[in-house]
> 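Shown below is the structure under consideration.
As the structure lists them, so they are numbered: ligands from 1, and atoms in each ligand from 1. We count residues from 1, following the sequence as given.
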Amino acid sequence: MEKQVKSKQRVADHGEVFTAEREVNAMLDLVKQETERINSRFLEPACGDGNFLSEILRRKLAVVKRSYGKSPADYERYAVMAVMSIYGVELLQDNADACRARLFDIWDKEYTANCKKEANDACRDAVRFVLSRNILCGNALSLMCVDENTNDTDTPIIFSEWEFVSETMVKRRDYRLDVLLKENPEPDQYSAQLSLFGDDAMAQDNWMIDPVTNEVRPKPVQEFPATSYRRIAQDA
Ligand SMILES: C[S@@+](CC[C@H](N)C(=O)[O-])C[C@H]1O[C@@H](n2cnc3c(N)ncnc32)[C@H](O)[C@@H]1O
């Protein structure tokens with residue numbers, strides 16, 4: 001069994017006690033259907049080295065194998081989709097690094113076994129890139145990043161949404177986590193804010209009216225042109 005405590009100091013400083021596998025599975029079983037939906041999104045705000053996220057990835061990849069195991073091209077695409085749906089924030093850099101590495105190892109082992117000769121490094125690099133964007137070192141209370149070198153915390157946590165817009169093309173949109181977690185203003189309230197305070201940076205920078213639904217929704221801080229999923233790292 002994995003150790004649940006690394007040191008008394010880390011428990012005292014950061015409340016670092018890892019959850020045992022049995023409890024992880026019992027808790028995930030409470031939302032079993034979601035853990036088995038390939039693209040259902042999970043965000044763990046204090047993910048440690050990934051006890052929950054790795055089990056979620058295993059469950060999703062088992063579904064990918066059952067549904068698409070006979071076609072390496074389909075398996076690859078859906079396995080990439082599975083990893084794109086998993087997000088984590090962790091305060092301590094060593095845990096965040098370990099979590100990313102663990103998720104990659106689980107993913108790569110399954111990918112290599114299922115796609116065999118068709119498994120390729122372009123796809124592996126794409127998955128490493130996704131994990132570098134999805135598992136972030138940050139403070140889940142202040143919603144700010146923690147910089148590995150400077151310990152700086154004045155950059156908001158920004159997560160990427162990955163949307164398959166065709167079989168192979170993926171659109172990336174980046175959002176501030178603090179905005180995603182705020183309640184969206186009502187359309188009337190939002191329009192009033194904009195007309196009363198035409199330069200209301202908070203309203204203008206963070207929300208937009210959805211042209212299709214006419215509802216107010218978070219505005220991406222950056223959008224990238226759709227690109228083949230194997231090239232998302234190069235085209236970023
Ligand atoms: C109780 S452990 C749980 C880890 C993991 N979720 C698990 O169940 O195995 C809490 C984790 O939260 C991290 N942590 C503590 N304060 C945090 C904060 N403000 N933001 C993000 N992570 C934090 C700790 O470093 C530790 O890894």
Side-chain angles (χ1 to χ4, degrees), residues 1-62 82-110 127-162 174-183 206 218 221:
M1 196 177 91
E2 288 287 306
K3 273 175 64 177
Q4 287 184 260
V5 169
K6 284 187 182 168
S7 74
K8 283 186 182 165
Q9 197 58 50
R10 288 172 70 114
V11 177
D13 291 347
H14 306 292
E16 188 194 66
V17 179
F18 297 113
T19 310
E21 196 179 326
R22 194 181 60 167
E23 281 73 37
V24 167
N25 275 304
M27 287 167 76
L28 291 180
D29 284 346
L30 298 172
V31 288
K32 193 165 185 296
Q33 271 191 324
E34 288 304 305
T35 62
E36 293 174 352
R37 202 154 62 79
I38 296 168
N39 60 358
S40 102
R41 292 197 186 98
F42 282 80
L43 162 62
E44 197 188 350
C47 65
D49 63 359
N51 285 342
F52 281 90
L53 299 181
S54 53
E55 181 53 30
I56 293 167
L57 182 59
R58 269 193 212 101
R59 290 179 181 210
K60 285 172 175 251
L61 291 178
V83 87
M84 283 175 166
S85 70
I86 290 176
Y87 297 85
V89 176
E90 164 59 40
L91 189 67
L92 302 179
Q93 187 70 51
D94 61 346
N95 283 343
D97 291 345
C99 180
R100 255 181 245 120
R102 187 172 172 190
L103 293 174
F104 181 77
D105 285 349
I106 291 167
W107 184 89
D108 191 36
K109 204 163 153 231
E110 289 298 316
V127 166
R128 279 195 197 91
F129 178 71
V130 168
L131 288 170
S132 76
R133 295 279 326 123
N134 280 24
I135 307 298
L136 297 181
C137 188
N139 187 324
L141 298 176
S142 65
L143 304 176
M144 298 300 221
C145 290
V146 177
D147 184 278
E148 175 177 3
N149 303 311
T150 61
N151 249 2
D152 213 9
T153 60
D154 60 4
T155 316
I157 293 176
I158 291 177
F159 275 127
S160 298
E161 171 194 60
W162 315 94
D174 287 357
Y175 293 94
R176 283 175 60 141
L177 180 59
D178 55 353
V179 175
L180 291 177
L181 294 178
K182 278 202 182 93
E183 204 175 325
N206 294 321
V221 291

> Between D97 and R100, does any NZ, NE, NH1 or NH2 come within less than 4.0 Å of an OD or OE carboxylate oxygen?
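A salt bridge is present here (some side-chain N lies under 4.0 Å from a carboxylate O).
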> Kindly write out the residues that satisfy side-chain contact (heavy atoms from CB on, under 4.5 Å) with D108, not counting sequence neighbours, or none if the list is empty.
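Per chain and number, D108 pairs via side-chain contact (heavy atoms from CB on, under 4.5 Å) with F104, Y111, T112, R124.
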> Present, as a list of atom pairs with distances to 0.1 Å, all nitrogen or oxygen contacts under 3.5 Å between ligand 1 and the protein.
unit_1, atom_1, unit_2, atom_2, d
ligand 1, 6 (N), E44, OE2, 2.7
ligand 1, 6 (N), A46, O, 2.8
ligand 1, 8 (O), T19, OG1, 2.5
ligand 1, 9 (O), T19, N, 2.9
ligand 1, 9 (O), N51, ND2, 3.1
ligand 1, 19 (N), N139, OD1, 2.9
ligand 1, 20 (N), A140, N, 2.8
ligand 1, 22 (N), L91, N, 3.2
ligand 1, 25 (O), E90, OE2, 2.6
ligand 1, 27 (O), E90, OE1, 2.9
ligand 1, 27 (O), E90, OE2, 3.2
ligand 1, 27 (O), N95, ND2, 3.3

> Restricting to pairs with a member in residues 23-52, which pass ring pair (Phe, Tyr, Trp, His ring centres under 6.0 Å), not counting sequence neighbours?
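Listed by first then second residue: nothing to list.
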> Within a strict 4.5 Å, meaning less than it, do heavy atoms of the S40 and K60 side chains meet?
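Touching, per the 4.5 Å side-chain cut-off.
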> For V31 and R37, run side-chain contact (heavy atoms from CB on, under 4.5 Å): C-alpha distance rounded to whole Å, both residues' side-chain angles, the deciding distance at 0.1 Å, then the answer.
CA-CA 10 Å; V31 288; R37 202 154 62 79; over 6 Å; no
> Using side-chain hydrogen bond (donor to acceptor under 3.5 Å, both in side chains) as the criterion, list what pairs up with N95, not counting sequence neighbours.
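Counting only residues at least two positions away or on another chain, N95 forms a side-chain hydrogen bond (donor to acceptor under 3.5 Å, both in side chains) with K6, R10, E16, E90.
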